[in-house]
Structures are given as structure tokens and as C-alpha cells.
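Every chain is numbered from 1 and lettered A, B, ... according to where its sequence line falls, protein lines coming before strand lines.
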Amino acid sequence: MNNFEYRRASDTKDAINLIHQQEKSKFLAGGTNLIDLWKYNITNPTSLVDINHIAELSEIKALPDGGVRLGAGFKNADTAYHPIIEQQYPLLSKAILAGASAQIRNMASNGGNLLQRTRCYYFYDPEVPCNKRVPGSGCPAKLGYNRIHAILGTSEQCIAVFPSDMCIALAALDALVNVEGPEGKRTINFADFHRLPDDRPDLDNTLKPGELIISIDLPEKGFTTNYSYLKLRDRHSYAFALVSVATAMELDGDTIKDIRIALGGVAHKPWRSKEAEDFLIGKNASAENFSTAADLILKDAKGFGHNDFKIKLAKKAIIRNGLMALNPDTQLPGAKPSA
Amino acid sequence: MDVNKTVGQPISRLEGKLKVTGAAKYAAEYQVENLLHGYVVNSPITKGKIINIDIAKALAIPGVIDVLSHKNRTKLAWFDVQYTDMDAPPGTVFKPLHNENILYNGQPIALVVAEDFETARYASTQITFEFEQEAFETNLQNNTEKGRPAKKGFATALKPPPPPPTGDFDKAYGQAAVKVEAEFKHGTEHHNPIELFATTTVYKGKGKLTIYDKTQGTINNQLYVANIFGLHYKDVRVLAPFVGGGFGAGLRPQYQLFLCVMAALHLKRNVRVVLDRKQMFSFSHRPPAIQKMRFASDINGRMTALGHSVYAETSNFEDYTEPTANWSHKLYPSPNTLFEHNIVPLDVYTPMDMRAPGGSTALHAIECTMDELAHKLKIDPLELRLINYSEMDPSSKKPYTSKALRECYLQAAEKFGWSNRNPEPRATMRGNKLVGYGMATGIWDAFQFPARVEAMITKDGKLVLNNATTDIGTGTLTVMTQIAADELGLSLEEVDFQYGDSKKPFSMFQGGSAITSSTGVAIVVAAKALRKKLLKKAAQMENSPFKNASDEEVIFNGGNLHLKNEPGTYVSLKNIIAFNKGKAIKTTNMGKPHMLKLRKYSLATHSASFVEVEVDQDLGTVTVTRAVTAVAAGKIINPKTAKSQISGSMIWGISKALHEETIMDDHFGKYINTNLGEYHIPVHADIGQLDVIFAEERDELINEIGTKGVGEIGLVGMPAAISNAIFNATGKRIYKLPIHFDELI
Ligand SMILES: Cc1cc2nc3c(=O)[nH]c(=O)nc-3n(C[C@H](O)[C@H](O)[C@H](O)COP(=O)(O)OP(=O)(O)OC[C@H]3O[C@@H](n4cnc5c(N)ncnc54)[C@H](O)[C@@H]3O)c2cc1C
């Protein structure tokens, strides 16, 4: 049998020590991604370090600067329904609730969500090549069935998409990721946490081996008045985004004072364009301006056949979501039949 | 005298509590002593040969008992016919572990047997194979030139080829006033019942086996096992008391049964083999199809030409067909017709019947083409169907035993509010959503198979019935109990219908929406014989008031036998049995279709589906906000379980129209979305309001109980109705299934 060692970490120090005692060690949080990958033989840890019982990781607390700290072990569902999040970061709450299913959100942790792996069909099938799974083996997705794949930031080696919803909101909110490893603590800007595939598609992010995510910090500014998360998918729940958009705005009358637009389902990481956001600042929050911004965001977009539609769809989604952010009570399209 | 009737009552499933409390046991759940576990190894290549297998490493793992492959398999039957099951299409049936040849991706190539499942699965990863790969073809579109009619065989009886041409199609179509030509593509689907295919084989020694199997046909699998392994059929008992869905996948024995039995016989041990979800995509499926439609009418909408040619996938070893081009002319009269069904052999496993096989594929194309024609003619789509309404079956020129399709159209249209439809596409808005109405017709077979039922009254006055059928979740137990209860005037509690066991009297597999009519009729026949016997026995009792009573002069009610004219004069069934020295009075009878009489008729169920969709005007996202389906299927034994069948199949229709598809990567020749996360079926949020209507349809010709079956008809019209509603909403017609929302932007 595929035997493995299971150890329960009592605190973060313990977890970091334990993870280094064995070569093929993995942290176990909710297990909703790790166990699936293991069953399919995509990963084969020989040792698990269970971090579900570390008190420090399951906290959610207000920070002195007005922000909020989310423990890495705090569950996705608890985060989305937490009064502080609902009130101060409604965009994050909406994005989390657009993901997976109620059962999975109950198990999934905030840290695990950041580290979930792509849903590329070829990545999940050990019988076919995949540069992300076996570096150098090839990428069948480029010429294969790539409806769910990336249109931005792709490389010769990989066109996989990072599938999270939560992280699209975290990217828009300029979150910070606090991590700790044998070399100590550091804080990573959300924009730098996930990476593009380039010639190392096996690396999804900039976390170093054995580093533990401790928490995620949300800056004070939560965009509580004008925000919207739009997720477009093949069914109304329990499907990954083909395109998703998180939009957060600060308005002065009709004029945009600050804006964040992050896209999901289109790249190897949550996608933001400074150029597009800069363009919108000082402009009216109009369909026309969102359309120009969309063109800026998508100017280097490239389809691979089955996913060509994403370019057109993303543009429409950016415009629609900008308008929906003006009135966050607007119903999500397709979420429910109208009365 | 008031006779208590249960037929027609909305009785809840009798086994419902067992199912929701987890007490119902499925094939993989039987606890057997000293059980070994098998894990199947599937071919990672699509075509070629196994050159070498190295099992040394796997065998060295503690707990591994054996690895079976074509190299060391037991001796098996030699002839194809011995592998043939009741649902086998013409051709060379697939024989697992037969030789080194790989015929399709995912083909089972070895079975690892170990003390526990985890060890077997792990060991399966430690076997190394050497393959010689050959070129393969898995793409239907690229291979239509290989299309040819299917060979005829045993299965042709239930699946006739399309009728020969009539009139002069080319001329009529060429000259027609109004015509539509369209090509429809239809993706592959896998049945995916929630219960995984599994077999638990109990090795009883001396060639005797008890097999708990996931199947829709206990006797089908019993004979299959007996034939292949050279056992006496009486020594093989197949049990399937609970089946967690089938949808057709259980109509043929699947390979886990073969492998499990082989291991049990080889090792002389109890063995279980369970497939995992990925392996559920490694056998039968609904074939992808390309349908070329050419329909024409005069300017008043009367059909003048119907042309329907089909290219559908099959394997390279069996000629699977499903009646597809056969349907349009069963609905719409037309002097000129041209129908063809071509199969395209590819390097895949043989497709298999999947809920409304052929019919649901065909009616999508037929009814979308009719919708397009209606649009061209500027005639309301419902009106066009009524203009072409036929009381008889135009393709066979025979009358239907009954046909209440008109009532379906009218009642469903009324309930739906069809008269509010705006014929102009892309003209109705609700917020930023386009609203569309669509409708379509459904038609499906009304089969009846021969079946035998043993019926007896036991000493406690209860009615016990035995038949080998399964209940695949359709409510079979409940409706059979109802039918039987009424026949003997008993309450449901006094009837014990026993089933799901090959040892019991004959039943075909449970498919084609046929079991209610098949076993149901056999129950009626057996009950009649049983009533006669009971009366005869009662007449022998001392001072019996029944001495000279004829069958017509008595009535069974409340556990007693009464004189009709003197209801106060009665004897209890218990007393009759007591008089029979406590020995049960029993009879075994066959129910079968009245072939001679029915040859003069055409038999079908019908339906009409009306659908409202909302489509986001910019983003294309589709919601089926509501749907009404009216069904004419003869007598409805149980409106509750029947409604579940129809609403369940309406949801399946939504799935076919908008979600479900197994994606083949032709480069590898394998399916790539082989899990329920990526193989999409609808979730609750995708389902709006569903209404079901049963149109009254009295059918005294079809069989003794007037039923036609409701397992599939609810699905047939839905995909076209949705597709047509999307056209009405958006002005876009998508000629494929499933429709993806991005095709609408
Ligand atoms: C069927 C299905 C559908 C889904 N749909 C969606 C969807 O629509 N949208 C969406 O966003 N997500 C979706 N998900 C993904 C889900 O959100 C992730 O699986 C979940 O967030 C992972 O969290 P976890 O705690 O279970 O992680 P685990 O599976 O426990 O861990 C994932 C990885 O992160 C590592 N890890 C976990 N915690 C830490 C830590 N604190 N520090 C360092 N490493 C750590 C683990 O070692 C592992 O490698 C879906 C999942 C499934 C199975």
C-alpha cells in the first residue's frame, strides 16, 4: 500500500519543523484538493503534517490599521459568512460563495485555496504528458481541448488556468500573504504570490518549499459601496469559472477615484492591468470607459481554438461587472431565474 | 361493494425509507467473509498490442494475491455466441482479457486481487506494461465516409432500421415551396449512475456462485456468466435487489462482472470488484451523432418531404444502432421520405442504449428542423404540428393503439401560456435577459417483453409474488405491489413483491420503459389464475356457498372472497389456505404481448414539452426558467412515481441541451473529462419550475393493464424545446448539443 506518515502539528513552529523532517511532506488543510490529486497519483506525499489544529491559523481578527487578518486555516465558508467580511469586504464574501459547493467550502481553508492547483484535464491525467506535472514532457492542451484554458500570460510550455474565485477578490483587494519558513517570516504582495508559467509551469506560486502560509491580511479599504463579482461558467453552481471578474470601485459622484479589476479563468494567476485601472481613474463609470479598459486588459490576449470565445466573453464581462458594481444589489446573471 | 383500489394513487416508494436511511444494500455493500478485492487496470493506449507485462513488483507487495491478465487467465468459452448477452448488437462481442489486442482506450487489461481494496489499487500502479501502439481513429466527423448500414441481428427486433424510401424524395424536396436543410451534431454522453458498477461474488464451491451485481437484468447476467465460465445456469445466482440508477448502462454485463467472477473461480475465493468514477467512463456510452435533415412543406405547412440521414459512432467490433431516422415519419405524414442510418466504426468501446436511445437524439434534430420550418412559414410552431397531426402512424400506415398527443399539445400549451409567445426572435426582454419560448414533440416506444410471475397466497393470507426483474430506482416494486394488490383486493401491506434475483421467474432486463407493462401484465395473468384456484379450493370447503359460483360471480376484497351479489357471504383467504392444510396456493404464469393482434397497430408514447428560457443578452448565460411536459403513456399506475420519472427525465433533457458531454481528445483517443466535477450535469440552481401533466389515454388494445411506460418519454422532447426557446430568445440557432452559453454571445 501507499503508506504515509501522519503527524498533527500543535503550532506553526512545530508544523515548519515537521515538514522538514521528511522529503516528500505536505501540509494537510481541508484536503479537498490534496487528497484528489493523491488519488489520481498526481502527488505522492510520504508524510502529512496536519495543520488543522493550530489555533493561530484559525483566527480572524481586526488589525490596528483598520484591516483584517484571515487565518490560513480559517475555512472558506466561515470566512464568507463572517460578519466582518460580509460588512467590510463584501466582494471577498461574494467571490468565495461563487466557488465550489457548500460542502467543499465548509472544508476548504483560506491557505489551501491559494494553493489549489489547476483543473487542466491533461494535468489531472498521469497517462498523458504535461509540463506542469512532468517538466519537459509537453503540453497537449495547446492543440487539444482547451476550452477552459488561459488567454493571457501563457507560455510555450503551459496554458493552464489558476482556478480560484476567492483569490480573484484577494487580488483586487491588494491582500498580503504572511508566510513563515525555516528562514523566518516574510510577507508577499498578492500580485507577487502567484506566478505566470514561463518556463517553470511546475511552479504555481512563489512560496518556497516548506513555507507555511500563516495568514492573509486585507487592507482597510474594502470597497463596501461599489463592488461586484461576476462568474461565468457552464452551470449555475459547482463549476469553475470560464471567465470571472472582480470589480471594486471608489466613486466620487460618477467619477472613478479608485478602481480594481481582477480577472479569473483567463490566466495562470489572478489578472490585473495597471494600465487599464489607471486609464479609468478620473473617468466616468460608463460602459464606454469600461469597454476601453477591457481592450487594454485584453490587448495581448490570445486564444488556442476552443477558448477563443474567452476574449470576447471577458470583454463583455468586464463591462457588465463594472456596471453591476455601480449597484451591487444587481442580480448576478444566471444566478437565479428572475421573478 | 366498494373495492379499494391502489392503482392510480400517488403511493410513495415502498422502499424509500430503506434507501434514505442507508439500509438498502447495493452490490458493493454485501459483507462477505474472507473477501478479496480486485482492482481493474485499464489500457492507457488506444490501439495496439500488449508486448509484455511485468507483475513481479506488484506480486511482491504484501497482501497481493494475484494479477490476472490475458497471459494467465483461466480457460474460457471460445465462441463469441457464448459471450453474447441479451442486448448484444451484431458483431464480435468484447471479451475481456481475451488476448493481447487493445481495441480501445481504457480497455481492462488486468485485474489485481489483494486482501484489501487499497492494496489492490496501489499494486495496480506497480505493474509495467510494454505496448506496441497502432494508429487509431476516434473522430466521428472525420470518418463519416466509413459510414455504412449496420448488420442485422438479434437486437434488430427492438431496433429496426429506418423504413425504406417512399415517393420521390429528391424531386419533391427540389421542388418544394419551403424547405430547411440543417446538420445537427450531438456529443458523447456516459450514463454515470451514481452507484458505481460493482460485483461481489460469493464462491460457494462446486462451481456454485452467488453474485451481487449492479445490473438491469439479473437473468441476462446469470446466463452470461454461466455460458462463459461453463457453469450450469442453475448454479449461478445473480442478485440485484437495489440498483442505484442504470439509465441503460446495466443492460449489458459490464467488465467488472466478468473479472470478478473469473477471479473468484480462479482463486476459489469470495471476490469483490468495484469500478471507480473514472472507470465508469471506460465502457458504454451514448454515441455521438451527426444528423443531416432535409424537411420541406407546401406553403400551408403540410409536409411534402422528410429526409433524415444519420451518422453515428460504433466500435470496431460491434454494430451498435439506435432507431434515429425512424421517428419523423411516425409523427408527420409526408408523401416523400428518405431515411438512412449509417454507423461509423471507430476505435472506441461499443456504445449502448442510454435513456431514450436514438429517440432523444433524433427528436432534437427533427423538432428543431420543424421549428425552423415554422419560422420560415411564419406559422406558429404548435400550429405546424397540428397541421401535420396524424391519428395513424404514417410510416407503417397502421393505426396507433391510442394516441393522445393532441391533448398533450393543448393541455401543456394552456398550462404554459403558449398563446403569449412572441414569434419574433430577440424581441422579449426581462431586465437584461432575453426571454424565449420553445416547444417540441416527443415520441417513444411502448414495449412489452414476455415475463413470468409466480403468485401465491400464503397461510397468513398474504400475496407473495416472484419475478426476476430489477427496480433501478423507477418505482417498480411500488407499482407491481399496487397492480397485484388490486387484482386480489388486498392492501399494499398484504402484498410482498420479490424481485432482483435471477432465481425467480423470467424477466428481461429493465429497459425500454417496458417493465411496468411486462411484469405488470404477467402479474395480472397470474392473479387471474390464482383467483380461479382460490375459488376452486373455496368451493371444495364444507357447505361452501361458492360451489356453483363462476369467476364472474365472485369478488376479492379486504382479504376475503365474496359473492358479488351477496357481499355478506364470504370466506377469508386465510381460511381457504387453512383448508388447504396451510399449504400456499400458487401459480406461475407467463404474460406476453398479443403479437397477432398488435401486428395491426403501431405502438407509441407521446409527449409535448414547452420551455421558457432566459438568456443574458450580453453574456449568453442560459436559464431554463420553467418547463411543462405533457405525456400520453396509457394508464398511469402511480402518478407520484410516474411524475418522478418525467420530471427526472426533463432534468436530463436540460442536461443534454446545456451541460452533458464526454470530451474525446482525438490525439490520445481518450476521454478527458472523466469525473463528475468536469462531466457536467445540472445542479439544483440550474432547474427552474417543472410541471408534469399526464394526458388521459385509455388504451384497451395494448395490453391487459393499458400501460405504455414512462421511463424515457419525458426526456425526448426537452432538448429541442430548449434549443427552440433559445432561438426564440436570441435569434440564434445552435445546431449542436450541448449548447454552450458562449455560442450565444
Ligand atoms: C469539485 C470541486 C470544485 C471546486 N470548485 C471550485 C470553484 O468553483 N472555485 C474555487 O475557487 N475553488 C473550487 N474548488 C477548489 C477548492 O476551493 C480548493 O480545493 C480548496 O480551496 C483547497 O483548500 P483545502 O484547505 O482543502 O486545501 P488542501 O487540499 O488541504 O491543500 C491544498 C494544497 O495547499 C497546501 N496547503 C494547505 N494549507 C497550507 C498552508 N497554510 N501553508 C502552506 N501550504 C498549505 C497543501 O499542502 C496542498 O498542497 C473546487 C474543488 C473541488 C474538489
Side-chain angles (χ1 to χ4, degrees), chain A residues 1-3 36 39-41 44 100-101 104 119-122 124-129 140-141 143-148 163 230-240 242-243 287 306-313 315-317 319-321 323-324 330-339, chain B residues 42 44-45 61-63 105 114 116 118-119 121-123 125 276 278 430-433 435 612 614-626 655 658-659 663-668 670-678 680-689 738 740-743 745:
Chain A
M1 204 184 303
N2 226 335
N3 282 320
D36 272 3
K39 278 193 197 161
Y40 284 110
N41 261 319
N44 272 302
S101 65
I104 291 170
R119 310 307 287 201
C120 173
Y121 311 116
Y122 304 95
Y124 269 83
D125 183 352
E127 287 166 6
V128 303
L143 295 174
Y145 187 76
N146 46 43
R147 175 172 158 76
I148 63 174
L230 173 61
K231 179 175 182 181
L232 299 169
R233 47 184 153 176
D234 280 330
R235 57 183 168 188
H236 292 335
S237 174
Y238 197 48
F240 289 92
L242 288 162
V243 168
H306 296 99
N307 69 349
D308 291 349
F309 72 90
K310 283 192 178 183
I311 303 173
K312 196 164 152 194
L313 185 65
K315 177 166 179 180
K316 288 177 182 266
I319 300 169
R320 171 66 68 80
N321 203 44
L323 300 177
M324 280 170 45
T330 347
Q331 193 185 262
L332 291 176
K336 273 199 190 94
S338 31
Chain B
N42 302 82
I45 72 158
I61 296 167
N105 200 298
D116 57 76
E118 287 75 14
T119 303
R121 183 171 60 178
Y122 172 65
T125 66
D276 62 24
K278 191 175 176 187
R430 200 178 280 156
N432 50 26
K433 287 169 188 160
V435 181
E612 179 190 273
E614 287 183 357
V615 182
D616 189 289
Q617 64 170 344
D618 301 313
L619 306 169
T621 46
V622 181
T623 303
V624 176
T625 41
R626 57 194 185 90
S655 191
L658 301 174
H659 302 288
I663 293 149
M664 169 66 79
D665 183 305
D666 293 311
H667 177 74
F668 298 110
K670 74 189 295 189
Y671 302 115
I672 56 172
N673 58 333
T674 54
N675 61 71
L676 292 183
E678 301 299 338
H680 288 172
I681 54 172
V683 295
H684 286 291
D686 292 302
I687 306 303
Q689 189 184 332
H740 286 142
F741 72 94
D742 53 83
E743 290 146 10
I745 57 173

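Note on B:T119, B:D686, B:V683: by heavy-atom pairs under 4.5 Å with chain A, the leading option is B:D686. Contact tally against chain B (heavy-atom pairs below 4.5 Å) for A:I148, A:I319, A:L313, A:D36: the top residue is A:L313. Interface check for chain B: of the options A:V243, A:L143, A:D125, the most heavy-atom pairs under 4.5 Å are formed by A:D125. Most heavy-atom pairs under 4.5 Å with chain A: of the set B:I61, B:I663, B:I45, this distinction falls to B:I663. Here B:E678 is the residue among B:M664, B:E118, B:E678, B:K278 with the most heavy-atom pairs under 4.5 Å with chain A.
With a 4.5 Å cut-off on non-hydrogen atoms, A:L242 touches chain B through its side chain but not through its backbone. Within the 4.5 angstrom heavy-atom criterion, atoms from both the backbone and the side chain of B:H680 approach chain A. Only the side chain of A:Y40 has a heavy atom closer than 4.5 Å to any heavy atom of chain B. B:D116 touches chain A through its side chain: at least one heavy atom from C-beta onward sits under 4.5 Å away, while N, CA, C and O do not.
Side chain of A:N146 to backbone of A:H306: a donor-acceptor contact under 3.5 angstrom is found. Without hydrogens or angle criteria, A:Y122 side chain to A:Y145 main chain gives a donor-acceptor distance under 3.5 Å.
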Going through the distances and angles, do B:H684 and A:S237 end up as a side-chain hydrogen bond (donor to acceptor under 3.5 Å, both in side chains)? CA-CA 8 Å; B:H684 286 291; A:S237 174; over 6 Å; no
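With hydrogens and angles left out, the side-chain atoms of B:T625 and B:E612 include a donor and acceptor closer than 3.5 Å.
Taking the six-membered ring for Trp and thresholds of 30 and 60 degrees, B:F741 and A:F309 have ring planes more than 60 degrees apart, a perpendicular arrangement.
Checked for salt-bridge contact, A:K316 and B:D616 miss the test: no charged N lies under 4.0 Å from a carboxylate O.
The distance from atom CZ of A:R147 to atom NZ of A:K310, rounded to the nearest 0.5 Å, is 8.5 Å.
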